[in-house]
2 protein chains.
Amino acid sequence: MNVDLKFKTFKSMVSLSAEDLCRELFLGNRRSIKIKKEGVAVGNLVRIFNAALTLSNQKGFKAMSLRDLSVEAGLSMGALYTYFKSKDELLRMILRQGRMVVKRVLQGQVEGTDDPRTQLRRVIQAHLYLSEVMQPWFYFSYMETKNLAIEEQKRAMQAELFTERILTDIMKKGQEQGIFRPMETELAGAAIKAVLQDWYLKRWKYAGRKITVEKYASFVVGFVTRYLEPQRP
Amino acid sequence: MNVDLKFKTFKSMVSLSAEDLCRELFLGNRRSIKIKKEGVAVGNLVRIFNAALTLSNQKGFKAMSLRDLSVEAGLSMGALYTYFKSKDELLRMILRQGRMVVKRVLQGQVEGTDDPRTQLRRVIQAHLYLSEVMQPWFYFSYMETKNLAIEEQKRAMQAELFTERILTDIMKKGQEQGIFRPMETELAGAAIKAVLQDWYLKRWKYAGRKITVEKYASFVVGFVTRYLEPQRP
DNA sequence: GTCTATACCAGGATAGAC
DNA sequence: GTCTATCCTGGTATAGAC
């Protein structure tokens, strides 16, 4: 069995087109969205979301005016307000929808193998590939979370701890099996998470150096593995 | 010679009180600041900066109104405007001043030893300790840089690459001396940087787990060392 | 040096025509 | 379903009294 997951394979596996995501969002928010025709609504939602992510990631969500947004999305102000009832709700919609997808995809990745080494590799690859496919969302989420109400901030922190937990659980199991050496899984988990996040936070850096996701993934796996593997005799 | 730098030692070495920083800033911006009495100006600048960092780090610089700021700083709107001529200039002042200090302090840390292992340890410790002393500024800088004009954004990226460079240079020298094994210093440098940044970006996480800077520093040094050290025979 | 009062405008939100 | 026109709050910035 090949342990490495290719980016292309991953992409076709999850099939996360903007359209799919927006359809899901539309169906889940049918009562708060005034538009009833699915085709129209989904199409416009895609444009609104893309525009919002683009503009926000340039200058921040708060600095993006709805006038800017309406131009970028190709809709009037009035039309925008048939899809959300306040700018703040738009923010929450974007974040919530993304969180759901991320959780769903990552959870599916641990399954199918029992070897902690393979699991770890899989999760690292899946996390990086996912953040590559949804880069604007990941960046947005990281930067705008602190502008939410405290209640929602907590949900974002929970989401971070959730993925970290997947990592530490694997490491603990590996320790018990004697595959990994004794170490502080909590700190290691946090460090891995930080390195994974760097990939979508510092796009300018890695793009400038012509580093692909797969290359980065293989580096991270190596970096982590060296830390975890038992002392050679 | 003891290779470890204690946090307390570092703190007294650099002596970076908010007052010192603001005095330096006052002296460097004498012509754009209308107030002439040094004592008055420095005192107020300290309050303005602290207030600005506090409020911005809660909800973002853009979302912080100058009315909020004037209340938090204990000055009237009119008084604020004798210290800077626009909200945007305030942003630039804060970021520029901080960058200068960081650069100065970090550059001083590589000196005094030739062993790459010690140098690396020193730089990691110094970076973490510095970001601990100036945590609000580091967080602010990370989050608000994208709201600057492109010209200033580039300066911030340069600053990031500058510290990364210090790391990669040490690693390369270590490789040449056979102390470190062959590896991609560029990726390793980026990863170390990411882990160092996590310390001031995820305060909530590390504070909740009761992890001290010194503990975190020793973890990072261990993590990195394991990656760099040559294969044992 | 600092305050209060005010000018002025940008942005979020909505009503009502089409 | 979508647009235009308009309301009104709350933001930055400044003038002039103290």
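In what follows, chains carry the letters A, B, and so on, assigned in the order in which the sequence lines appear, proteins first and then strands, with residues in each chain numbered from 1. These numbers were taken from a predicted model, which means no experiment stands behind them.
Classified by interplanar angle (parallel below 30°, tilted 30° to 60°, perpendicular above 60°), the ring pair B/Tyr200/B/Tyr142 is perpendicular. Aromatic ring pairs are classed by plane angle as parallel below 30°, tilted from 30° to 60° and perpendicular above 60°; the pair A/Phe223 and B/Phe223 is perpendicular.
Looking at B/Lys215 and A/Glu184, a side-chain N of the basic residue comes within less than 4.0 Å of a carboxylate O on the acidic one, giving a salt bridge. One finds a salt bridge joining A/Glu152 and A/Arg99 here, because a Lys/Arg side-chain nitrogen approaches an Asp/Glu carboxylate oxygen to under 4.0 Å. Ion pair A/Asp68/A/Lys59 flagged as a salt bridge, since at least one NZ, NE, NH1 or NH2 atom sits closer than 4.0 Å to an Asp/Glu carboxylate oxygen. Ionic pairing of A/Arg203 and A/Glu132 is present here: one or more N-O contacts between side-chain nitrogen and carboxylate oxygen are shorter than 4.0 angstrom. Under a 4.0 Å N-O distance rule, the pair B/Lys205/A/Glu160 qualifies as a salt bridge.
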Next item on the list: Please test A/Glu186 against A/Arg165 for salt bridge (charged side-chain N to carboxylate O under 4.0 Å, His left out), starting from the C-alpha separation and ending with a verdict.
Entry: CA-CA 9 Å; A/Glu186 218 176 38; A/Arg165 192 72 192 276; over 6 Å; no
Check: Can A/Arg92 and A/Glu151 be said to form a salt bridge (charged side-chain N to carboxylate O under 4.0 Å, His left out), step by step?
Finding: CA-CA 11 Å; A/Arg92 278 194 300 272; A/Glu151 206 41 55; over 6 Å; no
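Counting 5' to 3', DNA chain C first comes under 4.0 angstrom of a heavy atom of chain A and last does so at the ends given by C/dG11 to C/dT14.
Each end of the helix from C/dG1-D/dC18 to C/dC18-D/dG1 gets its own axis from five base pairs, and the two axes differ in direction by 0°, given to 10 degrees.
Between B/Asn44 and B/Arg47, the side chains place a donor N or O and an acceptor N or O closer than 3.5 Å (distance only, hydrogens not considered).
Identified under the ring pair (Phe, Tyr, Trp, His ring centres under 6.0 Å) test for residues 9-42 of chain B, with sequence neighbours left out: B/Phe10-B/Tyr129.
Near-neighbour residues of DNA chain C inside residues 48-85 of chain B, defined by a heavy atom below 4.0 Å, number-ordered: B/Leu75, B/Ser76, B/Gly78, B/Ala79, B/Thr82, B/Tyr83. Taking a 4.0 Å limit (strictly below) on heavy-atom distances, residues 31-47 of chain B reaches DNA chain C at B/Ile35, B/Lys36, B/Lys37, B/Val40, B/Asn44.
With sequence neighbours left out, B/Arg209 forms a side chain to side chain donor-acceptor pair (under 3.5 Å) with A/Glu164.
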